[in-house]
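Everything on this sheet refers to the single structure shown next.
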Amino acid sequence: MDKKRILILGGTAEARELAARLADRDDLAMTLSLAGRTIDPAPQPVPVRSGGFGGVAGLVDYLGAQAIDLLIDATHPFARQISANARAASRETGIPLLRLERHGWDETDGDRWTRVATMAGAVAALGKDPRRVFLAIGRQEAKAFDAAPQHHYLVRSVDPVDPPLDAPQVEYLLARGPFAVEDEVALLREHRIEVIVSKNSGGEATHGKIVAARILGLPVVLVERTAADDGHRAGTAEEAERLADHLLTSLRKRGV
Ligand code: NAP
């Protein structure tokens, strides 16, 4: 039996988990794709390719050249461009697309969340009065907070924020999750943080700060995801494997 070829667009814990689940299957050949931004990426359980494809056209070419049967978009819920490119390339080539996207966090008793739709909305939600802000949104959109230079920022990211913020009071912290709740509580206390800005990323690795905020009674400005698209969707690696099998079986029945 010919192996079915899968391209997983990754850069998330879910992508790695799914790759690990599928790695031992002898009916599948897999490649995991990373954007190549992280200086020291975590090791992966399957062959990796790294770097952008060159937009939709580049992705379409890659899918054809590698004879990919199934495209799995397991990128981060806030990595919007690559997901849009994956949808366009799937439409153009007819190669089925499966979206693996972890569920967002839900607000529970004791949470003090302000939900916003964009990073600009998060900046505005901080208000006019100076506050001590923990920016836990990664490095790519941190520059948006130059628009509110009255605040003091603690910015945490895996790689350095480059170029740095223009706002005058900024401290940088380089760290990679997972983050334990007790460490997050200690960090928030040590820096006398008054408000946290986070994306509603979901998942366990970065949930500690949300729990820590609840424990300390601190407000959180939460940037929400854009509405989900239709199509084949899974919330966990296990669901994604089941759905991938279903999609590949229908391809086999059609003799594709
Ligand atoms: P993005 O804005 O959606 O993508 C920008 C460009 O980067 C894409 O057009 C594509 O370049 C390239 N790219 C992105 N992901 C890729 C992948 N997995 N394989 C190959 N090329 C990729 O993405 P982003 O928000 O910068 O995220 C980059 C990576 O970091 C993703 O893999 C994502 O899963 C991960 N990540 C993102 C966040 C976040 O908050 N955004 C958080 C954690 C991890 P071409 O157009 O040239 O193909």
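Just the heavy atoms: all of them, side chains too, but no hydrogens, waters or symmetry mates, feed the values below. Both counts, for ligands and for their atoms, begin at 1 and track the order of listing. Residue numbers start at 1 and run along the sequence shown.
Counting only heavy atoms from C-beta outward, the side chains of Leu98 and Leu71 never approach each other to under 4.5 Å.
Summarising the local packing, CZ of Arg80 is surrounded by more than 12 heavy atoms from other residues, nucleotides or ligands at distances under 6.0 Å. Atom CD of Glu239 sits in a crowded spot, with more than 12 heavy atoms from other residues, nucleotides or ligands closer than 6.0 Å.
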Under 3.5 Å, N/O to N/O: give me all the pairs between ligand 1 and the protein, one per line with atom names and distance.
| from | atom 1 | to | atom 2 | distance (Å) |
| --- | --- | --- | --- | --- |
| ligand 1 | 3 (O) | Ala79 | O | 3.4 |
| ligand 1 | 3 (O) | Arg80 | N | 3.3 |
| ligand 1 | 3 (O) | Gln81 | N | 2.9 |
| ligand 1 | 3 (O) | Ile82 | N | 2.9 |
| ligand 1 | 7 (O) | Arg37 | NH2 | 2.8 |
| ligand 1 | 9 (O) | Asn85 | ND2 | 3.4 |
| ligand 1 | 18 (N) | Gly10 | O | 3.4 |
| ligand 1 | 18 (N) | Ser33 | O | 3.0 |
| ligand 1 | 19 (N) | Ser33 | OG | 2.7 |
| ligand 1 | 26 (O) | Arg37 | NH1 | 2.5 |
| ligand 1 | 26 (O) | Gln140 | OE1 | 3.2 |
| ligand 1 | 26 (O) | Gln140 | NE2 | 3.0 |
| ligand 1 | 32 (O) | Gly10 | O | 2.7 |
| ligand 1 | 34 (O) | Gly10 | O | 3.0 |
| ligand 1 | 34 (O) | His76 | N | 2.9 |
| ligand 1 | 40 (O) | His76 | ND1 | 3.3 |
| ligand 1 | 40 (O) | Lys199 | NZ | 2.6 |
| ligand 1 | 46 (O) | Gly55 | N | 3.0 |
| ligand 1 | 46 (O) | Asn85 | ND2 | 3.4 |
| ligand 1 | 47 (O) | Phe53 | N | 3.3 |
| ligand 1 | 47 (O) | Gly54 | N | 2.8 |
| ligand 1 | 47 (O) | Gly55 | N | 3.4 |
| ligand 1 | 48 (O) | Phe53 | N | 2.7 |
| ligand 1 | 48 (O) | Gly54 | N | 3.3 |

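The aromatic rings of His207 and Trp105 lie tilted to each other, with the angle between the two planes from 30° to 60°. Between His76 and Phe78, the ring planes are tilted. Angles from 30° to 60° get that label.
Side chains of Arg49 and Ser33: a donor-acceptor N/O pair is present below 3.5 angstrom, by distance only.
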